[in-house]
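Written out below as structure tokens is the structure these notes cover.
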Amino acid sequence: MSRIKGKGTRPEVLLRHALFSYGLRYRKNDRRYPGSPDILLPKYRTAIFVNGCFWHSHENCRYATRPKSNVEFWDAKLERNRKRDAENHSKLNEMGFRVIVVWQCAFGDEDKFAHLVMALHEEITTGKACYVEFPPPL
């Protein structure tokens with residue numbers, strides 16, 4: 001578990017490069033804001049979190065399986081993660097930021113990723129919702 005990265009993961013890096021190629025400028029892991037958003041776009045008042053499906057308990061996702069051993073520990077740990085995420089998103093909304101969560105399972109082959117980036121760019125530049133998930137919840 002100690003080798004699992006919390007910052008600079010492959011999905012984060014791919015997404016940052018794609019957003020930069022669309023001309024969007026960002027800050028990464030800015031600790032001045034609740035939850036240290038993975039990508040912060042100050043111009044658009046938008047915070048983006050790239051969440052791993054397991055660590056953040058993505059509902060109805062094949063990557064979000066629960067370990068079979070030490071079940072009580074993992075249930076408590078993953079529930080704390082969900083609560084912390086909700087609190088951070090709420091605080092960011094109060095500060096006037098829109099929150100976008102991009103789940104690990106949204107990254108797929110190149111076509112799926114290209115559609116994700118286009119939809120994300122559209123949401124950042126024209127969207128009005130205060131909370132958005134990619135892929136949308138079922």
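Since we're looking at a predicted model, the values are computed, not measured.
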Next item on the list: Any chance you could lay out the side-chain hydrogen bond (donor to acceptor under 3.5 Å, both in side chains) test for T46 and R98, step after step, and finish with the verdict?
Entry: CA-CA 5 Å; T46 302; R98 293 182 308 134; 3.1 Å; yes
Next item on the list: Write down the atom of L40, the atom of A47, and the distance for their closest heavy-atom approach.
Entry: CD1-CB, 3.9 Å
Item checked: Shortest non-hydrogen separation from P34 to N88 and the atoms involved -> CB-OD1, 3.8 Å
Check: In Å, rounded to the nearest 0.5 Å, how long is the span from CD of E59 to SG of C53?
Finding: 11.5 Å
Next item on the list: List the atom of N93, the atom of F97, and the distance in Å for their closest heavy-atom pair.
Entry: OD1-O, 2.9 Å
Checklist line | More than 12 heavy atoms of other groups within 6.0 Å of R62 CZ | finding: no
Item checked: Ionic contact status for D38 with K28, cut-off 4.0 Å -> no
Margin query: Quick check on R31: does its CZ atom have over 12 non-hydrogen neighbours (other residues, nucleotides or ligands) under 6.0 Å away?
Written below: no
Note to self: Under 4.5 Å between side-chain heavy atoms, counting indirect links through other Ile/Leu/Val/Met/Phe/Trp/Tyr residues: same cluster for F49 and L116 or not?
What the structure shows: no
Margin query: Please evaluate residues E87 and R82 with respect to the criterion salt bridge (charged side-chain N to carboxylate O under 4.0 Å, His left out), reporting the C-alpha separation (whole Å), side-chain torsions for both, the decisive distance (0.1 Å), and the verdict.
Written below: CA-CA 9 Å; E87 289 172 11; R82 286 181 65 92; over 6 Å; no
Item checked: Heavy-atom closest contact (W74 atom, W55 atom, distance) -> CZ3-CZ3, 3.7 Å
Notebook entry, point to check: Quick check: are there more than 12 heavy atoms from other residues, nucleotides or ligands sitting under 6.0 Å from OH of Y131?
Noted result: yes
Note to self: Parallel, tilted or perpendicular, judged at 30° and 60°: which one describes the rings of H56 and W103?
What the structure shows: perpendicular
Margin query: For R27, is there an ion pair with D30 - N to carboxylate O distance below 4.0 angstrom?
Written below: yes
Check: With a 6.0 Å cut-off on ring centres, are F54 and Y63 close enough?
Finding: no
